[in-house]
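Order of listing sets the numbers, starting from 1, for every ligand and every atom in it. Positions are given from 1 along the sequence.
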Amino acid sequence: MIPNTASSARKWVEEVARLTQPGRIHWCDGSREEYEALLAQLVREGELIPVNGGQFEDCYLHRSHPSDVARVENLTFVCTADREDAGPNNNWMPPDNAHRLLDGLFEGCMRDRVMYVIPYCMGPINSPLSRCGIEVTDSAYVAVNMYLMTRMGAQALARIEREGEFVKGMHSIGELDPKRRYIMHFPEELSIRSYGSGYGGNALLGKKCHALRIASWQARQEGWLAEHMLIVEIEDPAGEKHYLAAAFPSACGKTNLAMLIPPDALAGWKVRTIGDDIAWLHLDGDGRMRAINPEAGYFGVVPGTNRETNHNAFEMLQRDAIFTNVGLTSDMEPWWEGRKFGIPTLNWKGEPVKSGEKAAHPNSRFTVSARCNPSYSPMAEHEAGVPIAALIFGGRRARLAPLVMEARDWRHGVLMGAAMASESTAASSDSGNGLRRDPMAMKPFCGYNFGDYWKHWLNFSGRSDRLPGIYHVNWFRQDEAGKFLWPGFGENLRVLQWILDRCKGRADARETPVGNLPRRRDLNLQGLDIAPEAMDGLLEVDTEGWREEMRSIAEHLAQYGDRVPSELTSEHARVAAALS
Ligand code: OXD
Ligand code: MN
């Protein structure tokens, strides 16, 4: 499958090989045979452990280096010529310095190693909305994960050869030394260099690095959006299909919402998954927003997954899955907190479990092809993408944010997205009150200045009068005693039903300064056992609390200085005035 010498792909790969000096180069063809051969090799090398073949068919466990278990935001850089273009939302390094530093690390780093060349396509292979890349890596674990997560191999290479343009991604696990670890993006060159980590978000370059950071930059130039959003298909009892895209910060239940199981009381509704993490949104010729999921698999958080919380995910983990950093039972079954049955004997590091310690790493993951999902929608392969009825933003907020609110128009919706916040652990908190502002859930992933990004969002309203409605949801409101007010999971469909009815002009709402909210009677609460006071709490607007919130949002926007579009500041002023 090696392309001819005139090909731009071949030339670039040869250039990389001159720098990294691999012992051997393997061009991945993306076949099942190749995948299985790589799995067998990883098992021989001790990088993968086959798990119980009775319960778990063709499933494997990988244990990463204990210092390499998550994305590293502090070591992730966007290297634009002008620092202001990367913005305060990104770490920045001048491109020349970054290249010098990375060239030094990559020089000779693949001696005695195999260099895998992975041509991949993000999005359906023949869709005009898809974009391609090539990742070179010295990790066979990365290659098998890319096989599950992307459309990789011969067909992607053929498209790259046709188009001539592709995102160039260089990855080496290096020495897995946290002091020699960098995830660098060069949006102006459409290139990525990642060194020193084998963890998914840092090493599977098609995902966060390409499909969000680099793609968000490309999208701005080309007039579309690359977003940290799930895409879900909802079929109503009349058989009509609707599509929603929703952005939530990491670990706020995107995978669960994308695979929601309707509660018994909502018989006749069906929910299918298009994507669980990333959406590329384009306007079509009629001004409708259409979405594709650039990925072909899921890299999901394992802990908490069981038959009740996410039946579909639980089912799809039984075959052809790669687990990373979960524990093991004495029967060699993968085990994680919240699995609900079985007893772990080994923890994620492979040591005997001590009492009181967690067996799985809290960020342990599964990698699985989207086609293994019982709720997979074939529309995920639709080349034109699916038409989006509404965009939803959300966060984890114990107080203030109501169960659901609707933006009065696009501009108000962009403000809602820009102001998004979620409660965070102390480790990732960047604001004194325990809240982390995470605009559009893109804080770790927007490849350019947030001020310019908001301007790009706002510009859509001048391009179409058929844009989706924008909504904000919060499944995590608590009462004074810390008890969740809303049951969440499948019952969230009731909120989605209101959103879809609003989009069709079929549901009512009350106008408030912060947005349009349903009254209790506007929601379908049939068959739901919830106290009226809990519903009142979920749908209240605490004016004083919101005034304080608007002050905090103003401070957050001000960090972006004169790159903040004036439409956004005036929208903020409008809401603040309505509250006083
Ligand atoms: C992810 C993340 O892995 O958002 O999807 O961290
Ligand atoms: Mn994510």
Side-chain angles (χ1 to χ4, degrees), residues 62 64 68-76 89-90 122 141-142 145-146 148-150 183 185 192 194 197-216 225-232 245-259 273-281 291 293-305 310 313 317 321-326 336 360-370 373 392-396 417 420-425 427-428 430 436-447:
H62 172 73
S64 75
D68 188 31
V69 290
R71 284 187 288 101
V72 280
E73 288 176 27
N74 58 329
L75 303 175
T76 300
N89 43 308
N90 284 301
M122 300 310 288
Y141 165 80
V142 166
N145 275 272
M146 287 292 280
L148 297 175
M149 295 295 297
T150 69
I183 323 297
H185 303 75
I192 305 157
S194 166
S197 167
Y199 172 78
N202 303 328
L204 310 179
L205 300 187
K207 192 175 178 65
K208 303 298 188 180
C209 301
H210 177 162
L212 287 175
R213 298 194 191 96
I214 297 289
S216 61
L225 292 165
E227 297 299 320
H228 191 200
M229 290 181 174
L230 66 95
I231 312 165
V232 68
F248 296 84
S250 308
C252 282
K254 282 214 303 298
T255 304
N256 291 348
L257 187 61
M259 296 174 195
T273 318
I274 305 283
D276 80 328
D277 197 40
I278 301 179
W280 285 358
L281 305 167
N293 170 16
E295 301 189 279
Y298 313 117
F299 182 66
V301 176
V302 191
T305 306
N310 192 335
L317 295 186
I322 299 177
F323 293 90
T324 300
N325 293 338
V326 295
W336 54 90
H361 188 278
N363 192 34
S364 52
R365 297 282 177 147
F366 58 79
T367 319
V368 66
S369 159
N373 174 5
I392 303 175
F393 295 123
R396 182 183 284 273
M420 252 171 79
S422 205
E423 264 123 37
S424 53
T425 60
S428 61
D430 57 5
R436 165 167 144 131
R437 295 265 167 221
D438 189 351
M440 282 81 170
M442 285 286 279
K443 175 75 181 36
F445 308 121
C446 182

S.K.: Report yes or no: do Y141 and T324 form a side-chain donor-acceptor pair below 3.5 Å?
M.R.: yes
S.K.: Please check: side-chain N/O of R213 versus main-chain N/O of P444, any donor-acceptor pairing under 3.5 Å?
M.R.: yes
S.K.: side-chain hydrogen bond (donor to acceptor under 3.5 Å, both in side chains) between T255 and D276: does it pass, once the steps are laid out?
M.R.: CA-CA 5 Å; T255 304; D276 80 328; 2.9 Å; yes
S.K.: List the steps, then state whether side-chain hydrogen bond (donor to acceptor under 3.5 Å, both in side chains) holds for S422 with D438.
M.R.: CA-CA 7 Å; S422 205; D438 189 351; over 6 Å; no
S.K.: Report the distance from atom OG1 of T305 to atom CG of L317, rounding to the nearest 0.5 Å.
M.R.: 6.5 Å
S.K.: Looking at side-chain heavy atoms only, is the closest gap between E295 and M122 below 4.5 Å?
M.R.: yes
S.K.: Leaving waters out, which protein N, O or S atoms fall under 2.8 Å from the Mn ion (ligand 2)?
M.R.: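 K208 NZ, H228 NE2, D277 OD1, with waters left out.
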S.K.: Protein N/O near ligand 1 N/O, under 3.5 Å, which pairs?
M.R.:
residue	atom	partner	partner atom	Å
ligand 1	3 (O)	R365	NH1	2.9
ligand 1	3 (O)	R365	NH2	3.2
ligand 1	4 (O)	K208	NZ	3.0
ligand 1	4 (O)	H228	NE2	3.3
ligand 1	4 (O)	S250	OG	2.6
ligand 1	5 (O)	K208	NZ	2.9
ligand 1	5 (O)	D277	OD1	3.2
ligand 1	5 (O)	D277	OD2	3.2
ligand 1	6 (O)	R71	NE	3.1
ligand 1	6 (O)	R71	NH2	3.0
ligand 1	6 (O)	S250	OG	3.2

S.K.: For a side-chain contact (heavy atoms from CB on, under 4.5 Å) check, start with the C-alpha distance between M259 and T273, then their side-chain angles and the critical distance, and finish with the verdict.
M.R.: CA-CA 6 Å; M259 296 174 195; T273 318; 3.5 Å; yes
S.K.: Distance alone, cut at 3.5 Å: any donor-acceptor contact between the side chains of N202 and S194?
M.R.: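 Checked: N202/S194 side chains show no N/O donor-acceptor pair below 3.5 Å.
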S.K.: If the test is side chain to side chain donor-acceptor pair (under 3.5 Å), which one of R71, K208, K443 qualifies with S250?
M.R.: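 Result: among R71, K208, K443, R71 is the only option passing the side chain to side chain donor-acceptor pair (under 3.5 Å) with S250.
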